[in-house]
Amino acid sequence: MSLDEWTLLDGMEENNSNAVTEVIVVAKKENVPSDYMLVSETSFSEGMFSSKRYLAFSKKVPAPKKGRVGVTDLLVVSDKDTVPLGYEALNQTFDDNTKSFTSKQLLVKYTPLDQAPCIIVEIRVLSGSQKEQVPAGFKRLPEINGLSICHKLVPLPKKRAQGSLVAQGSFSQPPTENSPSTEQQQQQAQNTVRSVIDGLGVKVNETPAVMQERIAMVTLPDTEILTIDAINAKFNFDWTELQQIAGQS
């Protein structure tokens, strides 16, 4: 299974099963490219002449402009805020390169598909009374000109592809004619572990009684136990002679 054929989770709706791979803002809905889907017929009114703005996204892999990435987060911040590391501001419209929004910034975070723990699979725009009716599983962002953007984030499966990537963090090579079978590989691994254990100076899973016997067999060197008085008497140094010599010099 290639990245282009990924599905996210069993039981999800078919029309929501693909990752959102790119987001754009357009000034005219008829200018939405064929590789993108219009989020909503409802437009964001922008500027003193009430210019319209529409949101669109793509689920194509690789994404039309970004490659093999997925959208893992969306943020709405003030136009005076600094764009956080890892995010991209959609400050220009896709079709005519005009400013997207006057006082807000729509930020998108793109993550390589093979590194993303979660992915956005659906985006919606809510207006009027709908703003208080956020669909289940969706997160609502701060408003832009009276409209709210919502997105649905789901986890990616740990096992993503067949063949080279067999499990998260585990890779395998294609078998050759002389390659050992799975049973032979398991036996080789067991033999390796057994040889390592045999070479250790301790035994695995010893009982407390056996361990106590082994400890009793250890011979410790003879040591002399001294009291404080004995230590002072043994190691005390008489400085009188040195002081007399120093006084004569």
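All heavy atoms count here, side chains included; hydrogens, waters and symmetry mates do not.
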Output yes when a side-chain donor or acceptor of [X] lies under 3.5 Å from a complementary backbone atom of [Y], and no otherwise.
X	Y	value
Lys60	Glu22	no
Glu88	Tyr110	no
Ser148	Leu126	no
Asp95	Ala27	yes
Ser43	Arg53	no
Thr111	Ala116	no

Between atom [atom1] of [X] and atom [atom2] of [Y], what is the distance when rounded to the nearest 0.5 Å?
X	Y	atom1	atom2	result
Glu143	Asn145	CD	CG	9.5 Å
Leu141	His151	CG	NE2	4.5 Å
Tyr54	Lys28	OH	NZ	10.5 Å
Leu38	Ile24	CG	CD1	9.5 Å
Lys59	Thr21	NZ	OG1	9.5 Å

When clusters are formed by joining ILVMFWY residues with side-chain heavy atoms under 4.5 Å apart, either directly or through shared neighbours, do [X] and [Y] land in the same one?
X	Y	value
Leu90	Met37	yes
Phe94	Val25	no
Val32	Val23	no
Val26	Leu55	no
Leu147	Ile123	yes

Looking at every non-hydrogen atom in both residues, tell me the closest pair between [X] and [Y] and how far apart they are.
X	Y	value
Thr72	Leu153	O-CD1, 3.6 Å
Gly70	Ile119	CA-CD1, 3.5 Å
Pro135	Arg124	CG-NH1, 3.4 Å
Gln105	Ser78	NE2-O, 2.9 Å

Is [Y] close to [X] at the side-chain level, that is, under 4.5 Å between some pair of heavy atoms?
X	Y	result
Val71	Phe57	no
Glu122	Val20	no
Pro84	Leu107	yes

(message) Please enumerate all residues that pass ring pair (Phe, Tyr, Trp, His ring centres under 6.0 Å) together with Tyr87, with sequence neighbours excluded.
(response)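 Scan of Tyr87 (ring pair (Phe, Tyr, Trp, His ring centres under 6.0 Å), adjacent residues dropped) gives none.
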(request) Check the pair Val61 / Asn18 against side-chain contact (heavy atoms from CB on, under 4.5 Å), numbers first and verdict last. (result) CA-CA 9 Å; Val61 179; Asn18 298 323; over 6 Å; no
(message) Can you list everything that forms a salt bridge (Lys or Arg N to Asp or Glu O under 4.0 Å) with Glu30? Sequence neighbours excluded, please.
(response) none
(request) May I ask you to decide if the ring planes of Phe101 and Phe44 are parallel, tilted or perpendicular, using 30° and 60° as cut-offs? (result)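 Perpendicular, since the angle between the ring planes exceeds 60°.
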(request) Determine, stepwise, if the pair Lys139 / Leu74 fulfils side-chain contact (heavy atoms from CB on, under 4.5 Å). (result) CA-CA 10 Å; Lys139 176 184 177 181; Leu74 294 173; over 6 Å; no
(message) Between Thr93 and Asp96, do the side chains contain a donor N or O and an acceptor N or O under 3.5 Å apart?
(response)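 There is such a pair (donor and acceptor under 3.5 Å, judged by atom type) between the side chains of Asp96 and Thr93.
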(message) As a test of understanding, state which of Val76, Ile149, Val134 forms a side chain to side chain contact (heavy atoms under 4.5 Å, CB included) with Arg140.
(response)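 Answer to the side chain to side chain contact (heavy atoms under 4.5 Å, CB included) test with Arg140 among Val76, Ile149, Val134: Val134.
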